[in-house]
Amino acid sequence: MKTPATTQSHTRSQQLLERAQKSLVEGVNSPSRGAAVYPGGPIFLERGQGSHVWDADGNEYVDFMMSFGALIHGHAHPQLVSVVSEAMAAGSHFAAATSAEVEAAECFRRMVPSAEAVRFTNTGSEATMLALRLARAHTGRNKFLKFEGHYHGWYDPYLLNAHSHRPEELGPPENPSRIPDSEGIPPATFDDVVLAPWNDVAALERVMQQHGRALAAVISEPIMANMGCIPPREGYLQRLRELTREYGALLIFDEVVTGFRYAPSGCQEYYGVKPDLSTFGKALGAGFPVGAVAGPKAILDRMRWGTNMVLHYGTFNGHRLTMKVIAANLDLLSAEGAYGKLHATGDAAIAGLRDVFRRCKVNAIVQGFGPMFQIYFTERDTIHDYRDYCSYVDTARYSRFVHRLLEHGIYMTPSNGLHWIISTAHTESDVEKLIAAADQACAELV
Ligand SMILES: Cc1ncc(COP(=O)(O)O)c(C=O)c1O
């Protein structure tokens, strides 16, 4: 199957960019949508339905970015549209107790067995921020361990080595260079952060021996999702669980990306490792802004009002529309076959892409499985960690490849650090379009 010849016009997107640049920094609201990723200017999207989106010039794409993973049921799912429209007619939000948040919490707990209690936030960043505060209060310790290349939102202490860098800047793995991701953070913020390479049991044992007793928590993405898609080595998460328990540090799984995607409760279920706290976001809200912290009552109850409480306020916490969407979303995900379909569609896309690269003799691998994966242009047969990603992945080639795909009607971010997302709305025909477009993009790749 050949995709149509490139006939896209982007006149309207260009006009919107000129206007946007007068009011918005770089014309966007997040650097992940701006010039760093789209040197020729972003494509302005206007409409989405199911697995497809349309831009301001009327070009149609199959969407595999899915709002950075938020759209687990694709765009404008009819049930979610009707839930939101109905709820909106009765008032958007009261910042008061509602039956909607009770229902959402009950649905959540049915899907996430580690959640004796849950607290809803507005974003994944807020959830990871709160999880750390809870862990510090619960253990009476200040330090925490984060891994190189893991991103946990834009809260100050997490912004160490969350971006990729040139290999010569990384320092030795046993004493990594500490590279802040942002200006404006007082250096002392990082005094309590222990930094270690991920997916390396020996490094973990070493760092836990040295710092374990001082750590309030170890926070980890269970699949590394912000250097593409890097699954844990066999037994790694289990060893992480054992060591955190041994040293009395809480294990926080940041399941903002993986939660409700790989299995109902995410990677903790898929890999059979129960964290102390977990954070969720993205797919939980099916397109609405939300985050959540889940765990034992003994820890979450520290937010109860009184002396020594852990403070967590928020006008929009438990937003009524979002809570309604969560209940309906989790209902849809509980339907027989939902996860089977997510995995089967993703595996078909992965197999098809691997076949394209083999046929076209392009040195590229597809890493991940089922509902989330990433393509790496590399000579290696696996990317195991942040250092592999920084050293062996040709991210510029990936960006060129994705720009070719965009012209053939496949929507994806050209940033190699993100990942391809499958929703319940994707079909076999979408996968066929992807494979045909990838074939052509490979032929055009220089
Ligand atoms: C693993 C992880 N944690 C936390 C966050 C922050 O979530 P949000 O963008 O909703 O603040 C992200 C966002 O991409 C993420 O990938």
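For ligands, and for the atoms within them, numbers begin at 1 and follow the listed sequence. Residue numbers start at 1 and run along the sequence shown. This one's a predicted model, so the numbers in the text were calculated from it and none came from an experiment.
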Counting from 1, what ligand 1 atoms have a heavy atom of E221 closer than 4.0 Å? 1 (C)
Knowing that exactly one of L45, D55, V62 qualifies, which makes a side-chain contact (heavy atoms from CB on, under 4.5 Å) with Y411? L45
Y151: heavy atom below 4.0 Å from ligand 1, yes or no? yes
closest protein heavy atom to atom 10 (O) of ligand 1 is G124 N, 2.9 Å
Under 4.0 Å from one or more heavy atoms of T123, ligand 1 contributes atoms 10 (O), 11 (O)
Could you walk me through whether Y376 and F357 pass the ring pair (Phe, Tyr, Trp, His ring centres under 6.0 Å) check? CA-CA 11 Å; Y376 298 118; F357 296 133; over 10 Å; no
Ion pair check, E106 and R109, cut-off under 4.0 Å: no
Looking only at protein heavy atoms, which one is nearest to atom 9 (O) of ligand 1, and what is the separation? S125 OG, 4.5 Å
By number and element, which atoms of ligand 1 are closer than 4.0 Å to a non-hydrogen atom of V257? 1 (C), 15 (C), 16 (O)
Answer side chain, backbone, both or neither: which part of H152 comes under 4.0 Å from ligand 1, heavy atoms only. backbone
Salt bridge R239-D200, side-chain N to carboxylate O under 4.0 Å: no
Would you mind listing which atoms of ligand 1 come within a distance below 4.0 Å of any non-hydrogen atom of G153? 4 (C), 5 (C), 6 (C)
Determine whether any heavy atom of K282 lies closer than 4.0 Å to an atom of ligand 1. yes
Which of V366, I375, I365 passes side-chain contact (heavy atoms from CB on, under 4.5 Å) with R354? It is V366
Closest to atom 16 (O) of ligand 1 (heavy atoms only, candidates T279, V256, N226, I223) is N226
Considering all heavy atoms, the nearest M208-L215 contact: SD-CD1, 3.7 Å
Quick check on the 6.0 Å ring-centre criterion: do F369 and Y270 meet it? yes
Ignoring angles and geometry beyond distance, decide whether W154 reaches within less than 3.5 Å of ligand 1 through its nitrogen or oxygen atoms. no
Applying the side-chain contact (heavy atoms from CB on, under 4.5 Å) criterion to F260, which one of L342, I72, V112 satisfies it? V112
Within the 4.0 Å heavy-atom shell around D254, which atoms of ligand 1 are there? 1 (C), 2 (C), 3 (N), 4 (C)
